[in-house]
Undergrad: 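Encoded as structure tokens, here's the structure I'll be asking about.
Letters A, B, ... mirror the listed sequences (proteins, then strands); counts begin at 1.
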Number of protein chains: 2
Amino acid sequence: MGSRSNVVIDGIRQMITSGELMAGSRLPVERELGARLGVSRGPLREGVRALVVLGVLETRQGDGTYVTSLEPGQLLEPLGMLAELQSPENSVHLLAVRRVLEPEAAAHAALRISDDELAEARRILERGEAILSVGDDIDLEATIDVDTEFHRLIATASGNPAFAAIIDALVGRTARARLWRAIHQHGAVHDTQREHRAILDALEAHDPDRARIRMSVHVLGVEDYTERHVDEQPVDDVD
Amino acid sequence: MGSRSNVVIDGIRQMITSGELMAGSRLPVERELGARLGVSRGPLREGVRALVVLGVLETRQGDGTYVTSLEPGQLLEPLGMLAELQSPENSVHLLAVRRVLEPEAAAHAALRISDDELAEARRILERGEAILSVGDDIDLEATIDVDTEFHRLIATASGNPAFAAIIDALVGRTARARLWRAIHQHGAVHDTQREHRAILDALEAHDPDRARIRMSVHVLGVEDYTERHVDEQPVDDVD
DNA sequence: CATGGTGAAAGGTCTGATGACTTGGGGCGC
DNA sequence: GCGCCCCAAGTCATCAGACCTTTCACCATG
């Protein structure tokens with residue numbers, strides 16, 4: 001096994017679960033922590049860096065190393081990067097998760113969404129309509145942004161940070177450029193906008209059942225497009 | 001920003017998304033890769049180690065560094081560790097995710113579960129019944145194992161690796177010792193076993209609707225226990 | 001042809017030195 | 001006395017070099 005740095009990871013993890021380190025706590029200095037775990041600074045830094053990437057620790061140069069808030073949103077953040085590395089065939093599997101989670105999130109959101117959030121959602125969809133009203137030459141990037149923001153807003157409004165974090169990760173760029181190109185080619189961008197509007201209506205009415213169903217239909221449609229166009233050429237756009 | 005090692009992570013990630021590195025590919029040697037990314041061995045190793053922990057890379061001493069299969073199960077593995085770091089208040093949020101995902105996974109499993117998997121599920125539940133038949137002095141650890149294995153088997157049998165990976169992570173030790181102690185104190189361990197049996201019946205009948213409902217009820221029950229006992233004393237058991 | 005040894009190559013670890021950045025306090029000017 | 005600036009100590013970030021451990025392939029030997 002890649003031993004020494006795993007010792008570091010396990011050691012720090014146990015220091016947290018045992019309560020010795022709390023959220024926001026500052027860790028001992030590198031040299032001291034290394035001595036305690038029986039490793040030198042090299043492997044120690046490797047382990048710490050890994051936990052930083054996982055969202056468990058946070059280092060501030062010139063200051064020290066701290067435990068993060070350990071909130072779900074923080075810890076599930078790396079999930080986004082992992083979703084991006086998925087091959088198109090697996091996008092179907094990830095969309096299946098969305099199809100289950102997002103309607104539920106929408107239902108929760110319908111019950112507890114605030115007026116401010118509703119106003120924000122309206123603003124997002126108005127931007128979407130402005131983009132579509134220009135005619136044939138649609139700004140695809142902007143359309144994707146609108147879609148992303150709309151879904152994330154609902155996920156957040158659900159009040160469940162775990163929902164929000166997972167949906168956030170899955171709504172991310174996963175095969176999105178290719179997908180939206182396909183949607184655009186089939187003139188379905190207006191359908192998407194209409195579905196978004198229907199979801200918003202349900203949220204405004206604070207009707208969880210309608211919100212759930214509208215969201216289900218919406219994600220199902222996206223899923224259909226994905227399944228139909230898995231075979232198309234890959235688009236390598238770096239972010 | 002924690003600069004140099006992030007350069008490494010982004011660099012390797014882009015080498016993968018750009019197709020330069022495929023699943024299973026071998027990376028250049030440390031010194032060469034470091035030279036190419038403009039960093040020395042230290043930060044390079046930090047970045048590589050982080051990607052190893054995320055399940056993206058795999059190092060073999062004396063051999064080289066390779067890209068993993070990049071399958072969802074592989075990449076979502078670290079999710080388990082993150083779930084363990086959650087505070088009890090957040091357990092409710094994680095259980096809400098289970099309540100949504102597991103019934104769907106059970107429905108899928110009902111449609112596609114194999115005879116071998118059904119046999120395995122029966123064996124697991126028989127073990128559970130053996131544990132319960134001894135009388136009052138129930139082996140709680142073994143009971144937790146049975147529960148874990150049963151849920152994971154169904155998640156895997158769903159055929160969706162993303163479902164399986166996320167459920168796997170959430171079914172993990174999250175506040176489980178405390179939870180099961182509460183269930184045991186209320187004499188509800190037999191209820192759990194009975195619910196498991198009902199789920200298995202639905203799977204054997206390949207009836208997705210029944211499987212979904214049975215699983216819903218089961219997880220809902222667990223959720224109730226959790227909500228009722230969040231306030232109890234924490235149990236610090238290291239794995 | 002099979003088998004065992006041997007060495008090159010790769011990742012793993014340690015050490016020391018240096019740079020970059022943050023923080024807090026002390027000194028200086030007003 | 002008050003406030004501002006500057007500096008020095010502490011900390012993480014990086015680099016460089018050396019050595020250890022493990023793996024794999026080639027080759028010599030039986």
Side-chain angles (χ1 to χ4, degrees), chain A residues 1-16 20-70 74 77-78, chain B residues 1-16 20-70 74 77-78:
Chain A
M1 288 295 182
S3 221
R4 287 289 187 269
S5 55
N6 280 54
V7 169
V8 174
I9 294 176
D10 287 342
I12 295 178
R13 203 190 60 192
Q14 290 189 11
M15 287 169 74
I16 294 177
E20 179 180 348
L21 289 177
M22 317 254 292
S25 296
R26 175 178 168 159
L27 273 72
V29 290
E30 283 186 347
R31 192 185 142 165
E32 185 182 336
L33 186 57
R36 172 170 163 180
L37 295 173
V39 302
S40 77
R41 285 184 49 233
L44 175 78
R45 288 183 53 78
E46 291 177 19
V48 168
R49 173 66 56 191
L51 290 175
V52 167
V53 171
L54 286 176
V56 176
L57 299 181
E58 177 188 10
T59 62
R60 302 181 208 153
Q61 184 177 178
D63 187 358
T65 304
Y66 298 82
V67 181
T68 66
S69 63
L70 296 180
Q74 186 100 41
E77 187 196 342
Chain B
M1 291 293 182
S3 236
R4 286 288 184 264
S5 54
N6 280 54
V7 169
V8 174
I9 294 176
D10 287 342
I12 295 178
R13 205 190 58 192
Q14 290 189 10
M15 287 168 74
I16 295 177
E20 179 180 347
L21 290 177
M22 317 253 293
S25 296
R26 176 178 164 159
L27 274 71
V29 197
E30 283 187 347
R31 289 182 170 82
E32 187 181 335
L33 185 58
R36 172 170 162 180
L37 296 173
V39 302
S40 73
R41 273 189 78 200
L44 175 80
R45 286 183 55 77
E46 290 179 21
V48 168
R49 174 66 55 192
L51 289 175
V52 167
V53 170
L54 286 176
V56 176
L57 299 181
E58 177 188 8
T59 62
R60 303 181 208 151
Q61 184 179 175
D63 186 358
T65 304
Y66 298 82
V67 180
T68 67
S69 64
L70 296 181
Q74 186 101 40
E77 187 196 342

Undergrad: Does B:Arg4 place a side-chain N or O at less than 4.0 Å from the phosphate oxygens OP1/OP2 of D:dC15?
TA: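 For D:dC15, OP1/OP2 do have a side-chain N/O of B:Arg4 under 4.0 Å.
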
Undergrad: Could I get the full list of side-chain hydrogen bond (donor to acceptor under 3.5 Å, both in side chains) partners for A:Glu77, not counting sequence neighbours?
TA: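 By the side-chain hydrogen bond (donor to acceptor under 3.5 Å, both in side chains) rule, A:Glu77 matches no residue at all.
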
Undergrad: Output all residues satisfying side-chain hydrogen bond (donor to acceptor under 3.5 Å, both in side chains) with B:Arg60, sequence neighbours left out; order by chain, then residue number.
TA: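 B:Asp63.
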
Undergrad: Under the rule for side-chain hydrogen bond (donor to acceptor under 3.5 Å, both in side chains), what residues qualify as partners of B:Glu20, not counting sequence neighbours?
TA: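 In terms of side-chain hydrogen bond (donor to acceptor under 3.5 Å, both in side chains), with neighbours along the sequence ignored, B:Glu20 is linked to B:Arg36.
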
Undergrad: For the residue pair B:Val67 and B:Ala23, what are the closest heavy atoms and their distance?
TA: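 Minimum heavy-atom contact is CG1-CA, 4.0 Å.
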
Undergrad: Rounded to whole angstroms, how far apart are CG on B:Leu27 and P on C:dG12?
TA: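 Those two atoms, CG and P, are 12 Å apart.
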
Undergrad: B:Asp10: which residues meet the salt bridge (charged side-chain N to carboxylate O under 4.0 Å, His left out) condition with it, sequence neighbours left out?
TA: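 Per chain and number, B:Asp10 pairs via salt bridge (charged side-chain N to carboxylate O under 4.0 Å, His left out) with B:Arg13.
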
Undergrad: Which atom names give the shortest non-hydrogen contact between B:Thr68 and B:Gly55, and what distance separates them?
TA: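 So the two residues come closest at OG1-O, 2.8 Å.
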
Undergrad: Would a 4.5 Å heavy-atom cut-off, applied to side chains only, mark B:Val39 and B:Glu46 as touching?
TA: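 The answer is no, as the side chains (C-beta and beyond) never meet within the 4.5 Å cut-off.
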
Undergrad: Which residues within residues 30-48 of chain A lie with some heavy atom under 4.0 Å of an atom in DNA chain C?
TA: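 Per residue number, the list reads A:Val39, A:Ser40, A:Arg41, A:Pro43.
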
Undergrad: Rounded to whole Å, please give me the gap between CG in A:Leu57 and C1' in D:dA13.
TA: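 For the pair A:Leu57 CG and D:dA13 C1', the rounded distance is 16 Å.
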
Undergrad: Write out a two-atom table: protein N or O, nucleotide N or O from nucleotides 21-25 of chain C, distance below 3.5 Å.
TA:
none

Undergrad: Between D:dA13 atom C1' and B:Asn6 atom CG, what is the distance in whole Å?
TA: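 Roughly 12 Å, once rounded to whole Å.
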
Undergrad: When you measure from the side-chain N and O atoms of A:Thr59 to the phosphate of D:dT11, is any distance below 4.0 Å, counting only OP1 and OP2?
TA: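 False: A:Thr59 side-chain N/O out of range (4.0 Å or more) of D:dT11 OP1/OP2.
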
Undergrad: Considering all heavy atoms of both residues, which atom of A:Arg4 and which atom of A:Gly38 are nearest to each other, and what is their separation?
TA: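 Reported closest heavy-atom pair: NE-O, 4.2 Å.
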
